[in-house]
Amino acid sequence: MIQALRGTRDILPEEIVYWQLIERTAKDILSKAAFQEIRVPIFEQTALFERGIGEATDVVGKEMYTFTSRGGKTSITLRPEGTAGVARSYIQNKLQAQGGVQRLWYTGPMFRYERPQAGRQRQFHQIGLELIGSNAPRADVEAIAVATDILKALGLKNLSLAINSVGRGEDRQKYRETLLTYLEPYKEELDADSRDRLERNPLRILDSKDQRTQEIAQDAPKIIDSLSDSSKKHFDAVLQMLTDLEIAYQIDHCLVRGLDYYTHTAFEIKSSDLGAQATVCGGGRYDGLIAELGGAETPAIGWAMGIERLVILLQELAQVSVDAPDLYFVSRGEQAEAQALTLAQKLRQSGLAVELDLSGSAFGKQFKRADRSGAVACLVLGDAEAETRSVNLKWLASGEQSTMTQTEVLQGIETLKNKISALH
RNA sequence: GCGAGCGUGGCCAAGUGGUUAAGGCAGUGGUUUGUGGUACCACCAUUCGCGGGUUCAAGUCCCGUCGUUCGCCCCA
């Protein structure tokens with residue numbers, strides 16, 4: 001049997017209702033904040049991600065789905081995240097010409113070759129926001145506020161916002177030196193992974209889960225103490241506005257995000273109801289990315305949410321059920337079945353959700369299914385009704401039923417709709 | 001890429017080397033050949049993810065493989 005590839009999965013109707021709820025809620029809140037949807041390709045030239053995300057990162061180094069185009073010349077990569085593509089689009093379509101700030105959002109699948117785990121798939125889905133063209137601290141806060149609004153609207157609990165500033169390139173370079181000097185005497189005590197990172201990416205050592213390394217990291221010099229005055233000022237302004245908006249946060253001096261393009265504000269929203277993959281939303285400022293990709297110097301901030309993780313949380317706290325039809329159509333007999341199809345179509349065109357039983361099985365069986373469908377009423381059309389072009393309407397809860405002509409049903413459609421919506 | 005656990009019908013499962021692989025849900029047919037949600041009856045795995053091995057005997061033990069779960073790594 002051919003089965004779905006590892007790390008990919010089917011989202012069946014029972015689960016899709018949660019996805020739809022998330023997408024609807026996010027879209028609603030994003031629209032209210034005047035963000036507009038953008039759809040960019042799922043694959044791009046590999047160079048976009050190498051340059052944008054950074055060649056030294058794990059995502060680029062070992063997690064990308066990269067292949068050569070049929071022509072054999074172009075190296076192509078399935079997007080591992082959304083920001084690089086949006087930034088590319090911003091430059092290519094000269095969106096800056098349309099005025100100061102672009103407020104964009106996107107949703108769709110992303111691809112990373114990783115070991116699948118709860119809340120981590122090889123094909124996974126994100127909803128993301130990119131606010132491009134403003135370097136104001138206010139932009140950072142607005143982006144974060146929209147994210148927290150979405151999570152709040154979904155009714156999610158036990159979330160916490162962690163925030164830090166990684167400053168600008170110069171700040172980070174300076175901090176790197178300071179940190180290395182501090183770590184030098186502890187070199188032998190660090191865990192193996194962290195020792196590897198000393199050269200490659202010392203900032204990530206702060207994030208280690210190894211107990212001894214964590215103890216060492218506890219007392220390490222903090223990056224915010226290495227920030228330039230302007231970087232510090234930016235960060236303080238962000239924190240102040242978060243407080244003004246009553247958005248709770250905690251400064252996490254160890255928070256360093258994994259993609260190279262982040263500058264200044266970095267943040268994560270985590271849930272304590274998930275396992276190791278606890279981050280439901282992550283993002284930050286990326287003032288250097290657009291210039292790095294060949295555009296003009298353009299400040300920007302963005303974030304992405306992992307839809308699969310939101311679905312897990314939502315399933316734990318709410319029952320969302322698949323939409324039931326308004327009417328279930330029971331029919332049997334050649335003439336009757338033909339008339340049922342016609343009438344069902346007309347009712348659908350009038351705005352009712354009608355499920356037509358196609359089984360042709362005994363009436364008893366069809367009624368049983370009518371029950372399970374969750375419909376409030378069913379229509380019954382058999383040989384007798386077909387003869388007189390009538391139909392029987394039966395209310396499933398009361399068992400009450402009445403026969404009328406098919407024309408009468410359509411004429412009385414508004415009262416029928418009202419009665420159905422009252423019973424749903 | 002590394003470590004550990006798990007894998008019995010569509011779903012949830014019992015089963016801890018001995019002969020016909022419990023049970024529940026769902027499904028199908030019937031009691032009720034045109035009226036449901038209840039009840040009752042019947043049917044529904046030549047087979048235990050797949051391949052190999054040990055044994056007189058394997059769902060049960062061993063090896064491999066695939067899948068899955070949890071953790072590391074990474075990240076949303």
Side-chain angles (χ1 to χ4, degrees), chain A residues 1 3-9 12 14 53 57-64 80-83 107-129 147 151 191-194 196-197 201 204 207-210 213 255-259 262 266-271 274-284 302-313 328 330-333 336 357 359 361-375 377-386 392-401 403:
Chain A
M1 188 192 61
Q3 43 189 348
L5 286 168
R6 170 164 235 205
T8 71
R9 55 194 209 95
L12 302 176
E14 201 178 293
I53 301 169
T57 61
D58 280 21
V59 169
V60 170
K62 48 189 202 195
E63 296 176 359
M64 295 206 300
E81 56 98 54
T83 300
T107 185
M110 308 294 162
F111 305 86
R112 290 182 202 171
Y113 187 85
E114 293 181 280
R115 189 75 176 261
Q117 236 173 275
R120 194 173 77 186
Q121 241 67 46
R122 289 180 175 177
Q123 174 178 339
F124 64 104
H125 300 77
Q126 293 185 328
I127 293 173
L129 167 153
L151 299 170
D191 61 286
D193 282 327
S194 296
D196 283 349
R197 290 199 198 104
N201 196 350
R204 294 212 61 85
D207 236 5
S208 171
K209 297 213 172 116
D210 179 81
T213 305
L255 173 61
V256 235
R257 315 220 62 248
L259 312 183
Y262 286 112
F267 70 94
E268 282 181 4
I269 300 172
K270 290 187 200 170
S271 166
L274 291 169
Q277 265 58 53
T279 304
V280 294
C281 177
W303 50 251
M305 291 186 187
I307 303 182
E308 279 83 355
R309 294 180 189 177
L310 296 177
V311 169
I312 293 170
L313 291 175
Y328 191 94
V330 169
S331 62
R332 190 158 151 85
D357 191 310
S359 69
S361 53
F363 280 92
K365 291 292 164 195
Q366 295 196 44
F367 275 103
K368 200 167 178 176
R369 281 188 218 107
D371 248 338
R372 301 222 165 141
S373 76
C378 67
L379 289 166
V380 190
L381 213 166
D383 294 334
E385 290 83 3
N392 186 277
L393 173 66
K394 176 168 182 174
W395 298 93
L396 286 163
S398 62
E400 187 188 320
Q401 53 185 317
T403 302

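Because the structure is predicted, anything quoted here is derived from the model rather than measured. We name chains A, B, ... by the order of the sequence lines, and we start the count at 1 in each one.
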Determine the Euclidean distance between corresponding [atom1] atoms of [M] and [N]; express it in Å to zero decimal places.
N	M	atom1	result
B:G30	B:U19	C1'	35 Å
B:C43	B:C50	P	26 Å
B:C40	B:A26	P	12 Å
B:U54	B:G59	P	16 Å
B:A22	B:G5	P	30 Å
B:U60	B:U47	P	15 Å
B:C44	B:G10	C1'	11 Å
B:C48	B:C61	C1'	15 Å

Query raised in the report: Counting any heavy atom closer than 4.0 Å, what does A:A304 reach on the DNA or RNA strands: base, sugar-phosphate only, or nothing?
Result: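 Result for A:A304 = sugar-phosphate.
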Query - Flag if over 12 foreign heavy atoms under 6.0 Å of OH, A:Y113 - result: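 Count not over threshold, so no.
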Query raised in the report: Any chance CD of A:Q401 has more than 12 other-residue heavy atoms, nucleotides or ligands included, within less than 6.0 Å?
Result: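 Yes, enclosed.
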Side-chain heavy atoms of [X] within contact of [Y], under 4.5 Å:
X	Y	result
A:S359	A:R369	yes
A:L151	A:M305	yes
A:R309	A:T279	yes
A:P80	A:M110	no
A:T107	A:H125	no
A:K62	A:R112	no

Using whole Å, report how far [atom1] of [X] lies from [atom2] of [N].
X	N	atom1	atom2	answer
A:R122	B:C75	CZ	P	17 Å
A:E114	B:A76	CD	P	10 Å
A:K62	B:C2	NZ	P	11 Å
A:E63	B:C72	CD	P	15 Å
A:R112	B:C75	CZ	P	8 Å
A:L255	B:C74	CG	P	13 Å
A:E268	B:C74	CD	P	12 Å

Query raised in the report: Which letters describe nucleotides 29-44 of chain B, given B = protein heavy atom under 4.0 Å from base, S = only from sugar-phosphate, - = neither?
Result: S----BBBB-------
All N/O contacts under 3.5 Å from nucleotides 67-71 of chain B to the protein, with atom names and distances to one decimal?
unit_1 : atom_1 : unit_2 : atom_2 : d
B:U68  : OP2    : A:R6   : NE     : 3.1
B:C70  : OP2    : A:A118 : N      : 2.5
B:G71  : OP1    : A:A276 : N      : 2.9
B:G71  : OP2    : A:Q117 : NE2    : 3.2

Pairing check on [N]: which nucleotide meets the Watson-Crick or G-U wobble criteria with it, both distances under 3.5 Å?
N	result
B:C56	B:G18
B:C2	B:G71
B:G36	none
B:G9	none

Query raised in the report: Strictly by modelled atom types, are A:Q121 and A:E308 linked by a side-chain donor-acceptor pair under 3.5 Å?
Result: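 No, because no side-chain N or O of A:Q121 sits under 3.5 Å from a partner of the opposite role on A:E308.
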Query raised in the report: Quick one: salt bridge (charged side-chain N to carboxylate O under 4.0 Å, His left out) partners of A:K368, sequence neighbours excluded?
Result: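 With neighbours one apart ignored, the set is empty.
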